[in-house]
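Bear in mind the structure is a predicted one, so any value in this text is a computation, not a measurement. We count ligands from 1, going down the list as the structure has it; atoms in each ligand are counted the same way. Along the sequence shown, residues are numbered consecutively beginning with 1. Excluded from the calculations below are hydrogen atoms, water molecules and symmetry mates; all remaining heavy atoms, backbone and side chain alike, are included.
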Amino acid sequence: MDLKLRRLSYPLGVEVCDIDVAAPMSESQFGQIYQAFLDHCVLLFRGQDITREQHIAFSSRFGALDPHDAFPSDRHPDYPQLMVVTNEAQADGSPSVSRYAGRRWHTDMSQTLRPAAASLLRSWRVPEVGGDTMFANMYLAYDALSDGMKKLIDGLHAVHFSGTRKLDATQTDQAHASEQQRISPPVAHPVARVHPETGRKCIFLGEKVKRFDGMTEEESKPLIDYLNRHATRPEFVFRHQWRPNDIIVWDNRCTLHEALGDFDQTQNRYMERTTVFGTPLGYAVSA
Ligand SMILES: O=C(O)CCC(=O)C(=O)O
Ligand SMILES: [Fe+2]
């Protein structure tokens, strides 16, 4: 049976309609879903009232799952394959460690030598309005560059840093950032990346990047800022408004995403994410 797809925006994303991701699914049906994922970069499944085990099982069909050793603070205590993103306070009343997770343009795990292939984010509780997430298509962003700029970035490697999350400058937040930097020292990745499955070129950058390898931060900043601004122009972006029990799957190799935080912080937002390992990329550099 053919999948029923509904496009979510011009640049990227389709809703996969009338599917229960927890129901038995043949190889050929999953093959169609995987092809839609490669073609459209972002998939949305609505109304998935599933268990954590089912979320993990569906995610595993996309590839081996990351146990999040590079992010122990945000891991679910009972399920290492799940990262928690929430503004809900911890049991002892202290602020959630993940309350600012994803609040800048980024691609998951790019601060490691095995950046993520896919991420599958499931919404449990969402605010009445807002708390949206934006996704940008890095194939389109690359294609829209001039030949001169393509040639310039072709040889460049960008240095991705850990611990760049927005902070309230509390001691806990500072300690968290230092710990993240210790776990994941900086790594360099190609700025113009060839997607390992589609073979298409895309911009691989985002706001974890502070400089190009072999250049100073001061020298790098103007071009990094330009490329991030260009890559996230509205015509490359889809903005998702969450409902409870949505699952969004995105391809981290050819998209950037950002959580907006545009909501009443007295309301609860609670999400869980699995992360599918990508192929090894890049090399370690000194800070
Ligand atoms: O909370 C969100 O909307 C996204 C957070 C994020 O960056 C992620 O889960 O990878
Ligand atoms: Fe993310």
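Checking Arg99, Met271, Glu272, Arg269 against atom 1 (O) of ligand 1, the nearest heavy atom belongs to Arg269. Of the candidates Ser119, Gly131, Ala101, the one placing a heavy atom closest to atom 5 (C) of ligand 1 is Ala101.
Of the charged side-chain nitrogens involved, none lies within less than 4.0 Å of a carboxylate oxygen, so that Asp66 and Arg114 do not count as a salt-bridged pair. Between Asp262 and Arg239 a salt bridge is recorded (basic side-chain N to carboxylate O distance below 4.0 Å). A salt bridge does not link Glu218 to Arg211: none of the charged side-chain nitrogens sits closer than 4.0 Å to a carboxylate oxygen. Remark: Arg200 engages Asp143 in a salt bridge, criterion side-chain N to carboxylate O under 4.0 Å.
Close approach to Ala259 involves these atoms of ligand 1, each under 4.0 Å from a residue heavy atom: 1 (O), 2 (C), 3 (O), 4 (C). Near Gly102, meaning under 4.0 Å from any of its heavy atoms, are these atoms of ligand 1: 7 (O). Each of the atoms 1 (O), 9 (O) of ligand 1 lies under 4.0 Å from some heavy atom of Val85. For ligand 1 and Thr133, the ligand atoms under 4.0 Å from any heavy atom of the residue are 2 (C), 3 (O). Atoms of ligand 1 lying under 4.0 Å from at least one heavy atom of Asp108, given by number and element, are 10 (O).
Minimum-distance N/O/S atom of Asp108 relative to the Fe ion (ligand 2): OD1.
In terms of polar-atom proximity, defined here as any N/O pair under 3.5 Å, Trp242 makes no such contact with ligand 1. On a distance-only criterion, His106 and ligand 1 share at least one N/O pair closer than 3.5 Å.
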Practice problem: Before giving the answer on salt bridge (Lys or Arg N to Asp or Glu O under 4.0 Å), spell out for Glu15 and Arg7 the whole-Å C-alpha distance, their side-chain angles and the decisive distance to 0.1 Å. | Solution: CA-CA 6 Å; Glu15 178 179 355; Arg7 287 184 69 178; over 6 Å; no
Self-check item: Worked check of salt bridge (Lys or Arg N to Asp or Glu O under 4.0 Å) between Arg104 and Glu258
Solution: CA-CA 5 Å; Arg104 71 268 184 268; Glu258 176 178 38; over 6 Å; no
Exercise. Under the ring pair (Phe, Tyr, Trp, His ring centres under 6.0 Å) rule, what do Tyr34 and Phe37 come out as? Steps first, then yes or no, please.
Key: CA-CA 5 Å; Tyr34 199 78; Phe37 163 74; 5.2 Å; yes
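Looking only at protein heavy atoms, the nearest one to atom 9 (O) of ligand 1 is Arg273 CD, 3.3 Å.
Classification of the Phe45-Phe58 ring pair by plane angle, with boundaries at 30° and 60°, yields perpendicular.
With a 4.0 Å cut-off on non-hydrogen atoms, His257 touches ligand 1 through its side chain and not its backbone. Under 4.0 angstrom from ligand 1, the non-hydrogen atoms of Trp250 all belong to its side chain.
At a 4.0 Å cut-off, not a single heavy atom of Trp105 sits close enough to ligand 1 to count as contact. For the ligand labelled ligand 1, residue Arg103 lies outside the 4.0 Å heavy-atom shell.
Looking at every heavy atom in both residues, Thr107 comes nearest to Leu205 through CG2-O, 4.2 Å.
Ser123 places a side-chain N or O within 3.5 Å of a backbone atom of Arg243 that can act as its donor or acceptor partner.
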